Asks: 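This structure is in structure tokens; I'll ask about it shortly.
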Amino acid sequence: MSQDLPPRLDPRSIEPARYRGWQEGGYFHVPASAVLEDGREPYVIVIPPPNVTAALHMGHGLNNTVQDVLIRWRRMQGRATLWVPGTDHAGIATQNVVERQLAAEGLHRDDVGREKFVERVWGFVTETGGTILDQLKAIGASCDWERTRFTLDDELRRAVREVFVTLYEQGLIYRGEYIINWCPRCLTALSNEEAESEETPGTLWHLRYPLGEEAWAAAEAARDAGAEAIGRLDDGTWYLTVSTTRPETMLGDTGVAVHPGDERYEGLVGASVHLPLARRPIPIVADHHVDPDFGSGMVKVTPAHDKNDFEIAGRTGLELVDVLTPDARMSDAVPEAFRGLDRFEAREAVLEALEDAGLLAGTDEHTHSVPHCYRCGTVVEPRLSEQWFVSMKPLAEPALQASKDGTVTFTPVHWQRVYEHWMENIQDWCISRQLWWGHRIPVWYCECGQVIVAREDPTACTECGSEALEQDPDVLDTWFSSQLWPFSVFGWPEETDDLKAFYPGHTMVTAPEILFFWVARMIMMGYHFRGEAPFADVYLHGTVRDIRGRKMSKSLGNGIDPLRVVEEFGADAMRFTIVSQCAIGTDISMDHEDVEATFAAGRNFANKIWNAGRFALMSVGDEPVRSLDEIRGDLAAEDRWVLSRVARAAEQATNGLERFRLHEVAEGLYHHFWGEICDWYLEVVKSRLADAAEPASREAARATLVTVLDHALRLLHPIVPFVTAELWARLPSSDGDERAGDLIVAPWPSGTDGWLDEDAEADFGAFQSLVAETRRLRKEYGVGEGQRVTIHVHGGPDDFLAGLSKRSAALEQLARVDAVESGSGVGVGANAVLPNGAELFLPLEGVIDVERERSRMAAEIEKLEGLLTGVRARLANEQFVNNAPDEVVRKARENAAQLEEQSSKLREKLARLAA
RNA sequence: GGUCGCUUAGCUCAGCUGGUAGAGCGCCACGUUCACAUCGUGGAUGUCGCAGGUUCGAGUCCUGCAGCGACCACCA
């Protein structure tokens with residue numbers, strides 16, 4: 001059966017079928033009873049749910065490969081292993097997609113109305129949503145698909161309601177009018193996390209605000225005391241200077257603030273300022289927030305459009321004037337000339353008007369960070385608005401503690417501090433969104449003024465009995481439902497068996513970008529509603545970047561489609577490539593312009609596994625092999641060596657997986673398999689596997705080879721599941737040791753410590769260096785591959801030479817040595833000293849044409865010397881050294897040094913040949 | 001502005017608690033005898049960012065400097 005394996009691995013012909021086999025075998029599914037009744041230890045990962053409309057990209061490839069590696073490993077360890085898949089409804093993102101579709105038809109969401117719009121989104125999501133989960137199957141993700149969840153499932157709606165209402169009842173959710181981040185394009189409030197700041201070079205404009213006459217005397221005194229912000233216009237009016245990066249908001253100024261201790265402006269507090277353009281009087285107030293040392297020490301206060309100003313207003317009683325409409329145009333609160341202007345047009349218009357009035361004092365270059373909507377990139381506007389908030393401080397406490405006492409760990413550990421810093425400075429969370437797609441806020445308003453917050457939709461007012469209830473039009477931030485994911489997927493608030501069995505989970509694998517959006521909030525919710533953290537370890541992997549270090553993205557066109565990679569090179573190749581780059585704390589870089597080069601390592605390795613397996617299967621045949629215990633006495637040194645290496649590989653892999661050092665695991669196993677099993681063991685053991693070989697030795701070799709391959713395939717399976725499973729299924733069984741049905745549930749290698757054999761390792765290591773030195777000498781003296789040689793060995797450990805005689809076949813195979821003789825050897829030849837002290841002599845008389853080799857070398861030396869003489873002559877020429885460009889002289893010197901070295905090496909070689 | 005990180009072979013990066021510099025890809029040469037040319041064998045290439053310090057010994061620890069980056073906050 002193994003004979004029909006093709007010499008080249010064709011992933012397409014094995015991967016899909018193998019995956020189907022796993023699914024049909026039910027290997028991905030684990031029932032709660034496995035934990036609750038059978039007492040198996042669970043291992044649970046909940047997937048970071050991709051956006052329901054997303055298409056698989058390399059970021060998902062990375063994220064899910066890592067999860068699958070961990071899942072497969074734990075499953076093999078015998079844990080009741082569960083990976084829960086699902087998707088996120090992704091409020092803004094999904095709504096934007098459908099709105100764009102509507103726009104293509106010339107429609108706006110208002111044209112179709114809320115109900116129809118939501119229907120349409122559902123249609124879209126039902127039709128195209130979830131394809132990403134199918135795409136995950138192509139990369140081998142062993143999720144329990146029977147448990148697939150969607151954040152808008154009825155079950156999860158119930159969880160959201162329960163959490164909202166409970167938090168409300170506990171006073172942790174409240175509604176109020178505050179400055180929030182507003183996206184004028186998405187027309188919704190955003191959380192602080194959703195407003196991404198970006199360093200932007202901009203301008204700081206200095207504006208002059210005329211003072212009321214009653215303040216002129218104080219102004220003059222302030223000016224005389226050195227207050228540069230105070231001045232006098234041509235018409236004699238006294239003014240003060242304030243600065244802003246958003247001049248259009250000056251129309252909404254309702255005051256000017258100074259620091260209460262600022263002596264310069266003491267007499268001005270309480271005075272009035274004539275707000276230009278708006279032609280309103282506004283007062284000067286004192287507030288601690290103002291930094292007297294920054295700028296003029298005077299701040300214009302725009303309470304409806306700035307968070308700090310809003311707080312100043314709250315303390316000083318300044319009015320609130322909202323000068324912007326939701327889509328960021330100037331509102332009716334401003335003079336007619338500006339009404340309806342877009343905020344940026346208004347900026348120009350305001351500046352022009354101020355300039356005309358002689359009230360623009362000047363400008364400065366000013367780089368500051370400007371918040372942008374994380375979904376559409378529009379500049380976010382701080383805006384006064386009535387929204388729902390979660391009071392975070394009380395929730396953060398246990399979640400912070402969990403990090404500090406190690407209940408929850410972070411890898412890389414660096415993120416622990418970032419997490420803690422954020423938790424310590426946590427701010428309330430604005431959770432209402434002015435969208436239609438999402439979890440509707442479970443709050444109803446009655447005309448009598450009653451506010452009803454309820455788990456079930458109410459039919460009548462609890463106060464007046466009226467049935468005319470209006471539900472709050474807003475929906476919740478997407479992350480409000482995502483944060484419940486670790487328990488909502490198990491049916492919470494029902495106390496289900498799943499919940500009992502699988503909560504808390506174990507590992508959270510995700511990207512650092514959503515540490516605050518999601519991870520932190522899951523931990524808080526876990527503590528608040530379940531009394532414990534939803535997972536013990538947070539593994540934060542890097543970002544997938546292109547060769548120039550740019551994040552892969554659709555808009556940059558620098559992405560690599562994982563499905564294309566699977567199609568061309570196989571899922572194993574992609575997984576191995578990803579995992580081998582997965583060093584802790586580093587990003588993954590891939591060249592989108594040379595996809596083949598990027599995945600070559602993985603593809604080649606998968607093919608190597610395939611061929612090594614193919615060869616081993618052919619050599620071993622179908623007959624069952626003995627157990628190792630049975631043939632222990634017949635084991636050759638190389639058998640004991642390779643088993644010892646297997647034991648080390650297993651230990652190293654387990655250790656690496658436990659610490660999320662996936663890159664080390666991949667690299668270690670790669671070397672073990674390719675560098676030890678393929679390059680050495682298979683080559684050494686070839687002759688013993690031949691039909692003509694001595695039977696006891698052959699049986700020992702067969703048993704060892706099957707054991708080694710069995711273990712190697714198990715160790716590699718989490719990373720490259722397909723090719724390993726394909727081969728493993730074909731391994732002959734060993735007597736009295738029935739294999740599990742499929743590699744996916746074969747036991748993870750452990751307890752191989754008994755195979756460690758330092759003597760065997762030292763002994764085989766000496767043999768390896770002998771082979772390596774022999775090969776090197778052959779190459780160096782041009783002894784062709786077809787030419788058999790005799791080598792002489794003497795010195796070194798006593799049994800070294802004796803051991804070699806048993807390996808004549810291996811020496812023949814590895815180094816084309818047909819005889820080993822003891823003693824130092826005589827005549828013309830090459831020699832080398834091995835690390836163990838033994839001396840190796842390779843006679844060359846009669847092997848190569850020594851005279852010809854000598855004259856070839858001599859000729860080469862002559863040629864080098866000729867070149868060297870030329871270069872030296874040039875360097876000796878002062879004119880050349882003085883006049884030629886430095887670069888040229890430097891190169892000549894380097895060249896000379898190089899030639900000298902080459903020539904002296906060759907002379908040495910010639911001398912040895914002569915000896 | 002605060003915090004943290006990075007700087008090692010042409011490229012992408014490993015190097016845990018200090019002990020003779022590593023991998024993959026790429027490059028050069030040779031090789032198809034029976035697992036694999038998606039292969040084998042051999043080879044070349046590094047003042048481990050710069051400057052000091054601790055040490056018998058520093059890529060690894062300390063200090064300073066330079067360059068790059070991340071996260072957070074934000075003063076108008």
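Each chain gets a letter, A, B and so on, in the order the sequences are listed, and its residues count up from 1. Since the model is a prediction, treat every value here as computed from it, not as a measurement.
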Asks: Nearest of B/rC72, B/rG31, B/rC39 to any side-chain atom of A/Glu785?
Replies: B/rG31
Asks: Among the nucleotides B/rA76, B/rA35, B/rA70, which one has an atom lying closest to any side-chain atom of A/Lys608?
Replies: B/rA35
Asks: In whole Å, what separates the P atom of B/rG52 from that of B/rG40?
Replies: 45 Å
Asks: Roughly how far apart, to the nearest Å, are B/rU7 and B/rG49 at atom P?
Replies: 8 Å
Asks: Output the rounded distance in Å from CZ (A/Arg778) to P (B/rC30).
Replies: 17 Å
Asks: Say we look at B/rU8 and B/rC13: how far apart would their P atoms be, to the nearest angstrom?
Replies: 9 Å
Asks: Of the listed nucleotides (B/rG24, B/rA76, B/rC71), which one gets closest to any side-chain atom of A/Phe516?
Replies: B/rC71
Asks: Paired with B/rC16: which nucleotide, if any, by Watson-Crick or G-U wobble criteria at under 3.5 Å for both distances?
Replies: none
Asks: Taking the nucleotide of RNA chain B with the nearest heavy atom to each, does A/Tyr670 or A/Val299 sit closer to the 5' end?
Replies: A/Tyr670
Asks: May I ask you to establish whether A/Arg347 and A/Trp205 are in a cation-pi arrangement, using a distance under 6.0 Å from NZ or CZ to the six-membered ring centre and at most 45° from the ring axis?
Replies: no
Asks: Test A/Tyr419 against A/Trp415 for ring pair (Phe, Tyr, Trp, His ring centres under 6.0 Å), laying out the working first.
Replies: CA-CA 6 Å; A/Tyr419 169 89; A/Trp415 290 105; over 10 Å; no
Asks: B/rC13 P sits how many Å from A/Ile578 CD1, rounded?
Replies: 16 Å
Asks: Base, sugar-phosphate, or nothing: which does A/Val418 touch, judged by heavy atoms less than 4.0 Å apart?
Replies: sugar-phosphate
Asks: For the base of B/rA23, is there a side-chain donor-acceptor partner from A/Gln581 under 3.5 Å away?
Replies: no
Asks: What integer number of Å spans the P atoms of B/rC72 and B/rG10?
Replies: 35 Å
Asks: What nucleic acid atoms does A/Thr245 come within less than 4.0 Å of, heavy atoms only: base, sugar-phosphate, or nothing?
Replies: sugar-phosphate
Asks: Atom NE2 of A/His421 and atom C1' of B/rG2: how far apart are they, to the nearest Å?
Replies: 7 Å
Asks: Measure from CG on A/Asp587 to P on B/rC71 and round the result to the nearest Å.
Replies: 10 Å
Asks: Could you give the distance separating B/rG24 and B/rU38 at their C1' atoms, to the nearest angstrom?
Replies: 14 Å
Asks: Nearest whole Å is fine: how far is B/rU12 C1' from A/Ile560 CD1?
Replies: 13 Å
Asks: What's the separation between atom CG in A/Asp572 and atom CH2 in A/Trp610, rounded to the nearest 0.5 Å?
Replies: 11.0 Å
Asks: Quick one: does NZ or CZ of A/Lys608 land under 6.0 Å from the six-membered ring centre of A/Tyr670, within 45 degrees of the ring axis?
Replies: no
Asks: Here's a test of your reading of the structure: between A/Glu812 and A/Ala583, which maps to the more 5' nucleotide of RNA chain B?
Replies: A/Ala583
Asks: With the side chain of A/Asp679 defined as its heavy atoms from C-beta on, choose the nearest nucleotide among B/rC39, B/rU41, B/rC72.
Replies: B/rU41
Asks: With the side chain of A/His414 defined as its heavy atoms from C-beta on, choose the nearest nucleotide among B/rA76, B/rC4, B/rC25.
Replies: B/rC4
Asks: With heavy atoms under 4.0 Å as the rule, sort A/Phe569 into base, sugar-phosphate or nothing.
Replies: nothing
Asks: Have a look at A/Arg661 and say if it touches a base, only the backbone sugar-phosphate, or nothing, with a 4.0 Å heavy-atom cut-off.
Replies: sugar-phosphate
Asks: Tell me which nucleotide, if any, is Watson-Crick or G-U wobble paired with B/rC30 when both distances must be under 3.5 Å.
Replies: B/rG40
Asks: Is A/Leu204 touching bases, backbone alone, or none of the nucleic acid, heavy atoms closer than 4.0 Å?
Replies: sugar-phosphate
Asks: Base, sugar-phosphate alone, or nothing: which one does A/Glu513 contact when heavy atoms must sit under 4.0 Å apart?
Replies: nothing
Asks: Measure CG/A/Asp293 against P/B/rG1 and give the value in whole Å, please.
Replies: 16 Å
Asks: To the nearest angstrom, how far is A/Glu683 atom CD from B/rG31 atom P?
Replies: 19 Å
Asks: Could you tell me which nucleotide pairs with B/rC25 by Watson-Crick or G-U wobble geometry, both distances under 3.5 Å, or answer none if nothing does?
Replies: B/rG10
Asks: In whole angstrom, give me the gap between the C1' atoms of B/rC11 and B/rG46.
Replies: 14 Å
Asks: Side-chain N or O of A/Trp674 less than 4.0 angstrom from OP1 or OP2 on B/rU38?
Replies: no
Asks: Quiz question: going by heavy-atom distance under 3.5 Å, is there a donor-acceptor pair between the base of B/rU41 and the side chain of A/Arg775?
Replies: no
Asks: Distance check: side-chain N/O of A/Arg8 vs OP1/OP2 of B/rU38, anything under 4.0 Å?
Replies: yes
Asks: So does A/Lys779 get a side-chain nitrogen or oxygen closer than 4.0 Å to the phosphate oxygens (OP1/OP2) of B/rG43?
Replies: no
Asks: Quick check on B/rC34: is either OP1 or OP2 less than 4.0 Å from any side-chain nitrogen or oxygen of A/Lys686?
Replies: no
Asks: Provide the distance between the two P atoms, one in B/rA23 and one in B/rA9, to the nearest whole Å.
Replies: 14 Å
Asks: So, taking the atom named CE in A/Met552 and the one named CE in A/Met590, what distance separates them when rounded to the nearest 0.5 Å?
Replies: 6.0 Å
Asks: Using atom CG of A/Leu727 as one end and atom C1' of B/rC36 as the other, report the distance to the nearest whole Å.
Replies: 13 Å
Asks: Looking at CD1 of A/Ile312 and CG of A/Asp287, how far apart are the two atoms once the value is rounded to the nearest 0.5 Å?
Replies: 4.5 Å
Asks: Would you please classify the geometry between the A/Trp674 ring and the A/Phe605 ring as parallel, tilted or perpendicular, with 30° and 60° separating the classes?
Replies: parallel
Asks: Does any donor atom in the side chain of A/Asn655 or A/Arg659 lie under 3.5 Å from an acceptor atom in the other side chain?
Replies: yes
Asks: Are a donor atom and an acceptor atom from the side chains of A/Glu194 and A/Tyr374 found within less than 3.5 Å of each other?
Replies: yes
Asks: Write down the partner of B/rG52 under the Watson-Crick or G-U wobble criteria, each distance required to be under 3.5 Å.
Replies: B/rC62
Asks: Are any of A/His366's side-chain N or O atoms less than 4.0 Å away from OP1 or OP2 of B/rA76?
Replies: yes
Asks: Is the phosphate of B/rC39, meaning OP1 or OP2, less than 4.0 Å from a side-chain N or O of A/Asn607?
Replies: no
Asks: For B/rG2, does either OP1 or OP2 sit under 4.0 Å from a side-chain N or O belonging to A/Arg417?
Replies: no
Asks: Identify whether any heavy atom of A/Ala612 sits under 4.0 Å from a base atom; if not, whether one sits that close to sugar-phosphate; answer base, sugar-phosphate or nothing.
Replies: base
Asks: Just call it for A/Arg776: base, sugar-phosphate, or nothing, with non-hydrogen atoms closer than 4.0 Å on any strand.
Replies: sugar-phosphate
Asks: For the C1' atoms, the ones on B/rC27 and on B/rA44, what distance do you get once it is rounded to whole angstrom?
Replies: 8 Å
Asks: In the strands shown, is B/rU3 matched to any nucleotide by a Watson-Crick or G-U wobble pair with both distances under 3.5 Å, and which?
Replies: B/rA70
